[in-house]
Structures are given as structure tokens and as C-alpha cells.
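Here is the structure we will look at.
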Amino acid sequence: MINNKKIVVVLPAFNASKTLRKTYDEIPFEIVDEVILVDDFSSDDTIELAKELNISHIIKHNSNKGYGANQKSCYKKALEIQSDIIIMLHPDYQYTPKLIPSMAYLIANEIYPVVIGSRILGKGALKGGMPLYKYLANRILTFIQNLLMNQKLSEYHSGFRAFDAEVIKKLNLSSCSDDFVFDNEMLAQIFMKGYDIAEITCPTKYFEDASSINFKRSVKYGFGVIATSLKYFLHKNKILSNRLFD
């Protein structure tokens, strides 16, 4: 805990058995109270390893529902156990859990309600092995998003995020996609509610066992990101309302 705030880490997992232990072992349990792992119908032994690690709460989907649906289950459970601060961390060891105290501190001290671990601040992305085409796509998409949404984030695509639970409660996550564009729709809802988002520099690691979507799905994701930003722009400027922001 920090300032008597219950801190919970949620791990949206899919075939994460090769990296889960490394990720879990770096979680700073001197401040983290509980961990939730939601397994999206993995074909490996993610669930068995989670049980071996004595993870506090383990949920298994009975079918592959998608990355966004996985996060919905994560946040639902986190709210059920009365979390105050919720840290969403990919269990593929691309992001270091050692940054959790810094992210949680900003929220616990009411400096920011949402914090993102950014791979783009500094030189962490390319240094950590991010493929050049993904880096360039990240920069182009972020530029377009900042223009349409009138924001100044360094990136919208990080899988390392921290939230005040009160923010999560006010979002309409059920209207968000069950696929990868969920992350962007969630951020759009957060901005639409008027919340500020902080960013901290986050080193990243790209390696064989780390999760990554293929080129075809990356293209689909890119179009989804732009569509989300357009929906935000049209709704924000009262040109065309969208149920995503109801």
C-alpha cells in the first residue's frame, strides 16, 4: 500500500507461461497487495504456472475472447475486490514491473489519476529492440491521434498502465472492443471524461517469447486506432455522437 491505498496488479495473459515467472518475480510486493491473472484460453500451461506462483486471483476464460475482453475481466475483478489503484501489466516481460511504485505513487498522492509507461519517451523503444516499422507506425499514429484528440501523449499503445479505480468505475468499458483497439478506446473515454494522463519513461524488451501481433493484425489495429480518434473528434465537437462515449 501507499497512503493506505490498496494496489492491485492485473495481468491479461495469453500463452504467457515462458515469461510469467520473470514478470511476477519483479512485482514489488512491498507495496502491491494482490495480483489478478486472467487467462484468455491459453494452449500452454499459463494457468498451472499461475497456481504454482500462488497468484491471488486466477480467472480462466472458457474460450478465446480477445485482448480487450481479457482486460474487461481484469478490471471487473479488480473492482470487485475493492482495489484503489489498478496496474495493468502485460505478463510477457516487455515492461519492467520495477516501475510500479513510481506509477502508483503519482496516483496515491493525487497528482494524476492515470499513468502510462511510455516506450517512446527517451530512447527505450528502438534500444529495446522494437522493430523499425512498428516504431514508425507508432509515431505516425500517435501524431494523428494527438491532432484529432487535442492531446500531447508520446504514445497511445503501451501495455503498461496505472489507474485510480474511481476512473475505471466511470468508464463505459462494455462499449469498447474485445480486440486490441480496446486500449485506445479506453484512453479516448478517459480523455472524454476530462481526466489528465501522466507518462513516465519505460524501457522495453523485444525478444522471441514476448507477445506481438502479426503484420495483418497490426494494420487492422492501425485503422481501428484512427477510427477511434475520429469518433472522439466528431463526438467532442458535437458533430456526430457515438455510443462509445455515452
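Index from 1, following the sequence.
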All heavy atoms of I31 vs all of P101, minimum pair found to be CD1-CA, 3.5 Å
With a 4.0 Å cut-off on N to O distance, would you call K6 and E34 a salt bridge?
yes
In terms of side-chain heavy atoms, does S175 have a donor or acceptor partner in E185 at a distance below 3.5 Å?
-> no
Checklist entry - Is there a donor-acceptor pair closer than 3.5 Å between any side-chain N or O of N184 and the backbone N or O of H157? => result no
**Report entry** Check against side-chain contact (heavy atoms from CB on, under 4.5 Å), N64 and F14
**Finding:** CA-CA 9 Å; N64 184 252; F14 179 68; 3.4 Å; yes
### Query
S17 and D45: side-chain donor and acceptor closer than 3.5 Å?
yes
Q. In terms of the angle between their ring planes, are F160 and Y95 parallel, tilted or perpendicular, with boundaries placed at 30° and 60°?
A. tilted
d(M88 CE, I86 CD1) to nearest 0.5 Å is 11.5 Å
Residue pair N109 / N3, side-chain donor-acceptor N/O under 3.5 Å
yes
* Using 4.0 Å as the upper bound for N to carboxylate O, is an ion pair formed by E48 and K51? -> no
Side chains of Y156 and N146 only: does a donor on one sit below 3.5 Å from an acceptor on the other? yes
Backbone of N242 reached by a side-chain donor or acceptor of H235 within 3.5 Å: yes
Using atom types as modelled and distance alone, determine if a side-chain donor or acceptor of T204 lies under 3.5 Å from a backbone N or O of A125. no
| said: Does atom CD (E110) have a neighbourhood of more than 12 heavy atoms from anything else shown, all under 6.0 Å? | reply: no
Taking every heavy atom of I87 against every heavy atom of I100, the minimum-distance pair comes out as CG2-CG1, 4.0 Å
Next item on the list: Indicate whether any N or O donor in one side chain lies under 3.5 Å from an N or O acceptor in the other, for D178 and Y67.
Entry: no
Backbone N or O of F233 within a donor-acceptor pair of the N237 side chain at under 3.5 Å?
-> yes
For I144 and I226, the nearest pair of non-hydrogen atoms, with its separation, is CD1-CD1, 4.3 Å
Proximity of Y112 and F163 rings by center, below 6.0 Å
no
I'd like to know if the side chain of R21 reaches the main chain of K18, judged simply by a donor and an acceptor atom lying under 3.5 Å from each other, with no hydrogens or angles considered. no
Query raised in the report: Is a side-chain donor-acceptor pair under 3.5 Å present for E199 with S154?
Result: yes
* Asked: Can you tell me if CD on E80 sees more than 12 non-hydrogen neighbours from other groups inside 6.0 Å?
  -> yes
Report task. Start with the C-alpha distance between S177 and D179, add both sets of side-chain angles, then the distance that settles side chain to side chain donor-acceptor pair (under 3.5 Å), and finish with yes or no. Result -> CA-CA 5 Å; S177 169; D179 208 345; 5.4 Å; no
Please check if atom CZ in F223 has more than 12 non-hydrogen atoms from other residues, nucleotides or ligands closer than 6.0 Å.
no
Q. Can you check whether V114 reaches V167 side chain to side chain, under 4.5 Å on heavy atoms?
A. yes
**OH/Y195: more than 12 non-hydrogen atoms of other groups inside 6.0 Å** = yes
Q: On the 0 to 90° scale, with breaks at 30° and 60°, tag the Y232-F191 ring pair as parallel, tilted or perpendicular.
A: perpendicular
Q. Within the side chain of T201, is there an N or O that forms a donor-acceptor pair under 3.5 Å with the backbone of G122?
A. no
Decide yes or no on side-chain contact (heavy atoms from CB on, under 4.5 Å) for T228 and L187, but give the supporting numbers first. CA-CA 10 Å; T228 299; L187 289 183; over 6 Å; no
Would you say the side-chain atoms of S42 and D40 include a donor-acceptor pair closer than 3.5 Å? no
| field | Any donor-acceptor pair under 3.5 Å from E155 side chain to R119 backbone | value | yes
Near K65 NZ, under 6.0 Å, is it more than 12 heavy atoms from other residues, nucleotides or ligands? yes
| Within the side chain of T23, is there an N or O that forms a donor-acceptor pair under 3.5 Å with the backbone of T19? | yes
Practice problem: For atom NZ of K60, decide whether the heavy atoms of other residues, nucleotides or ligands shown that lie under 6.0 angstrom number more than 12. | Solution: yes
Stacked cation flag K205 on Y93, 6.0 angstrom / 45 deg: yes
